[in-house]
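These notes concern the structure reproduced below.
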Number of protein chains: 2
Amino acid sequence: MSEKVTIATVARHARVSRQTVSNVLNAPHIVREETRQRVQEAIAVLGYRANQAARQMRTGRSRLIAVRIEPTRDGINGSVLDRFLHGLTETADAAGYRVMLYTAGDDDQEIATYDDLLGAYDLDAFVLTGTKHGDPRTAWLADRGVPFVTFGRPWDDPESHPWVDVDNADGTAQATRRLLDTGHRRIAFIGWPEGSGVGDDRRTGWRTTLAAAGLDTDLHRATWDGIAEGERAMRDLLHLAEPPTAVVCASDSLALGALQAVGTAAPQVAVVGFDDTPVAAAVGLTSVSQPLAAAAARCVELLTGVLDGTHQTDPHVLLQPALVLRHTA
Amino acid sequence: MSEKVTIATVARHARVSRQTVSNVLNAPHIVREETRQRVQEAIAVLGYRANQAARQMRTGRSRLIAVRIEPTRDGINGSVLDRFLHGLTETADAAGYRVMLYTAGDDDQEIATYDDLLGAYDLDAFVLTGTKHGDPRTAWLADRGVPFVTFGRPWDDPESHPWVDVDNADGTAQATRRLLDTGHRRIAFIGWPEGSGVGDDRRTGWRTTLAAAGLDTDLHRATWDGIAEGERAMRDLLHLAEPPTAVVCASDSLALGALQAVGTAAPQVAVVGFDDTPVAAAVGLTSVSQPLAAAAARCVELLTGVLDGTHQTDPHVLLQPALVLRHTA
DNA sequence: CCAGAAACTTTGAACGATCTAATCCTGCCG
DNA sequence: CGGCAGGATTAGATCGTTCAAAGTTTCTGG
């Protein structure tokens with residue numbers, strides 16, 4: 001390998017000054033076409049690549065986006081983040097940005113990490129997932145004017161910052177409509193306790209669809225997420241005098257539990273899950289699929305919009321999920 | 001926020017020169033204890049953080065490690081990478097390194113990405129997963145003297161570069177022993193076609209354990225990975241004159257298929273999978289679990305060893321998996 | 001043909017760290 | 001008391017890029 005190729009090497013080779021080369025890269029329109037081509041050619045011939053560190057030191061921008069990677073809690077939802085991350089990396093790449101990972105145990109640690117990343121690496125932006133009510137992280141970032149996007153709506157004030165989300169209510173609504181279309185009339189819902197934005201949203205989709213069809217919305221149970229919990233809730237529902245003939249669940253974990261409950265007792269009961277995890281595909285569970293690649297792409301779009309100054313008309317994106325039909329409904 | 005805190009600010013505050021501050025950070029032993037403390041205090045008071053870009057420009061090292069994030073193929077194995085990534089991020093963090101993601105469609109693209117990342121970001125090292133026979137990527141990196149570790153043995157020459165791997169043969173051996181211990185004598189194996197290093201290794205563990213017990217090693221099938229494939233292979237085995245009473249599978253996908261085959265026909269047949277994916281946990285499948293967090297940690301250890309110059313005694317690490325007992329075996 | 005503007009190009013100075021080499025102490029020995 | 005070793009500290013140069021301002025060429029119209 002010969003010596004390092006810097007902007008000066010290119011300049012010498014193209015018989016122009018350093019600044020002209022820089023202009024070709026950063027503001028091509030102010031360079032005469034003929035010169036531009038000569039420089040481009042030199043860049044190609046020499047295999048020149050702008051040194052990010054030097055650029056960053058001068059401009060203060062790193063073209064780096066940070067994303068938190070969470071410990072796989074339940075394990076079952078891990079693949080959701082996985083797919084999202086992949087989409088993010090791909091889209092960011094296309095936009096000239098790179099994705100950096102970080103972890104943090106709790107919110108305080110996470111905020112300390114922001115400080116660290118911003119101080120040491122001059123990070124351009126953050127992507128947050130799993131926002132909560134009164135999230136301290138978004139407040140901290142907003143205070144300091146750090147660009148960020150959340151995947152998941154802010155549950156307090158929808159206008160407070162840019163976000164991308166999936167229309168959870170529409171997902172369960174689609175599931176419910178499908179069950180109605182296939183003749184079911186007693187359709188239950190198993191979800192999470194009130195208070196989680198996502199969970200409430202998913203319940204709402206089921207409730208309003210049933211209500212619109214003039215049907216009863218009493219058949220529902222709330223429990224923590226998990227397979228055992230889903231099984232227990234479903235068993236409970238099946239013991240009613242008039243048990244449901246179908247059930248919509250807030251997650252694949254719950255749905256899987258429900259499936260185990262009906263499997264032994266009432267094989268004809270239809271079950272629909274949420275998230276279209278590998279588990280769902282594996283056991284043939286009909287499930288609501290989130291457009292994760294698209295969501296990731298929109299996150300990057302919003303961020304680059306903010307970073308490159310081109311102001312986005314609407315920094316809030318709500319995507320529609322899709323029902324993936326398998327043999328449980 | 002006040003003005004930026006640089007090394008000069010700290011130096012002024014501690015009444016020393018910039019270089020002394022730099023020494024406190026990079027070579028504390030050559031600074032007098034009293035001075036060192038004064039500088040440390042100034043750093044703490046001012047909340048100084050060394051600017052990575054500036055450091056990188058001078059030293060040529062970025063404290064950045066790149067990892068490829070693959071598109072979730074089957075979906076079922078996605079969570080393996082997910083857990084590995086999390087472990088990697090955490091350990092790297094502790095060692096003062098950050099993890100950057102990249103994607104690539106094929107090997108050529110991946111090599112082009114290396115070039116890009118090295119040129120623009122001065123990446124310190126790469127972690128590769130899923131190595132193949134005659135992998136062009138490792139050759140390219142080795143040629144250029146770029147530090148890297150693979151998660152997965154090099155199948156050509158085990159000495160060619162540092163690696164961390166899980167002892168696949170031991171995993172299936174553990175599974176087979178467990179089945180022997182619970183009284184099974186006709187134990188089958190469903191795996192992948194010959195030629196994939198990992199697959200062959202997993203088959204070997206089963207075969208040698210059976211052979212050591214003086215039992216027949218004829219009961220095996222090879223097929224591509226997948227649930228349907230596993231089901232077909234198992235159905236085939238069950239139709240034999242003397243069908244197996246247990247089966248060890250090379251993946252949870254295959255095991256899940258096998259489970260579906262036995263579920264209807266022969267409920268007493270034991271099944272063991274491999275990878276301990278969320279699916280396995282969900283359906284109660286006994287499976288071999290890879291120590292992914294540990295593997296990630298060892299990868300970082302090997303890399304920092306190479307990067308910091310402290311030569312590792314043995315740059316090859318083979319970790320033992322663990323059998324997670326559930327109710328299918 | 002020239003003034004003046006427009007379009008393009010060049011030069012020197014940052015950015016914030018580390019490296020090299022020079023300088024300042026301090027104590028010790030002859 | 002001078003010289004000197006050796007560690008602690010300082011000053012200046014440097015990494016590769018972009019910014020700001022100044023310089024040069026080209027074009028236009030009177």
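Residue numbers begin at 1 in each chain, while the letters A, B, ... track the order of the sequences. Quick caveat, the model's predicted, so the values are computed rather than measured.
Proximity of B:Ser22 to the phosphate of C:dT18: a side-chain N or O atom is located under 4.0 Å from OP1 or OP2. Listed pair B:Thr35 / D:dA8 fails the phosphate criterion, with no side-chain N or O lying under 4.0 Å from OP1 or OP2. Of the side-chain N and O atoms in A:Asn51, none sit less than 4.0 angstrom from OP1 or OP2 of D:dC15. Taking 4.0 angstrom as the limit, B:Thr6 places none of its side-chain polar atoms (N or O) nearer than this to OP1 or OP2 of C:dG16. The side chain of B:Asn23 contributes no N or O atom lying less than 4.0 Å from OP1 or OP2 of D:dT9.
Nucleic acid contact class of A:Thr59 (heavy atoms, under 4.0 Å, all strands): sugar-phosphate only. No contact: A:Ala53 has no heavy atom under 4.0 Å from any strand. Residue-level contact check: A:Thr20 touches the bases, meaning some heavy atom is under 4.0 Å from a base atom.
Computed from coordinates, the B:Arg38 CZ to D:dT9 C1' distance equals 11 Å when rounded to whole Å. Distance CD (B:Gln52) to C1' (C:dC15): 15 Å, rounded to an integer number of Å. The CZ-P distance, from A:Arg12 to C:dT10, rounds to 14 Å in whole Å. Per the geometry, CD1 belonging to A:Ile7 stands 19 Å off P belonging to D:dT14, to the nearest Å. Atom P of nucleotide D:dT9 and atom CZ of B:Arg36 are separated by 12 Å, given to the nearest angstrom. Atom CD in A:Gln19 sits about 15 Å away from atom C1' in D:dT24, given to the nearest Å. Rounding to whole angstrom units, CG of residue A:Leu46 and P of D:dG16 are separated by 14 Å. In this structure, A:Asp122 places its CG atom 17 Å from P of D:dT17, rounding to the nearest Å.
For the residue pair B:Glu41 and B:Gln37, no side-chain donor N or O sits within less than 3.5 Å of a side-chain acceptor on the partner. A donor-acceptor contact under 3.5 angstrom links the side chains of A:Tyr102 and A:Glu110, judged on distance only. Judged purely by distance below 3.5 Å, without hydrogens or angles, the side chains of A:Glu70 and A:Thr129 pair a donor atom with an acceptor atom.
For the side-chain contact (heavy atoms from CB on, under 4.5 Å) test with B:Leu101, the passing option among A:Leu85, A:Leu88, A:Asp93 is A:Leu85; the others fail.
Side-chain to base pairing of A:Arg58 with C:dA14: one donor and one acceptor N or O lie within less than 3.5 Å of each other. No N or O donor and acceptor, one from the side chain of B:Gln56 and one from the base of D:dC15, sit under 3.5 Å apart. No N or O donor and acceptor, one from the side chain of B:Arg55 and one from the base of C:dT18, sit under 3.5 Å apart. Within 3.5 Å, a donor on the side chain of B:Arg18 pairs with an acceptor on the base of D:dG12, or the reverse.
Distance from the side chain of B:Ala54 is smallest to C:dG16 among C:dG16, D:dA8, D:dG16.
A salt bridge links B:Asp116 to A:Arg98: one of the charged nitrogens lies within less than 4.0 Å of a carboxylate oxygen.
The nearest pair of heavy atoms linking B:Trp163 to B:Gly152 is CB-O, 3.9 Å.
Of the residues near DNA chain C, B:Tyr48 and B:Arg32, the one whose nearest nucleotide (by heavy atom distance) lies more toward the 5' end is B:Tyr48.
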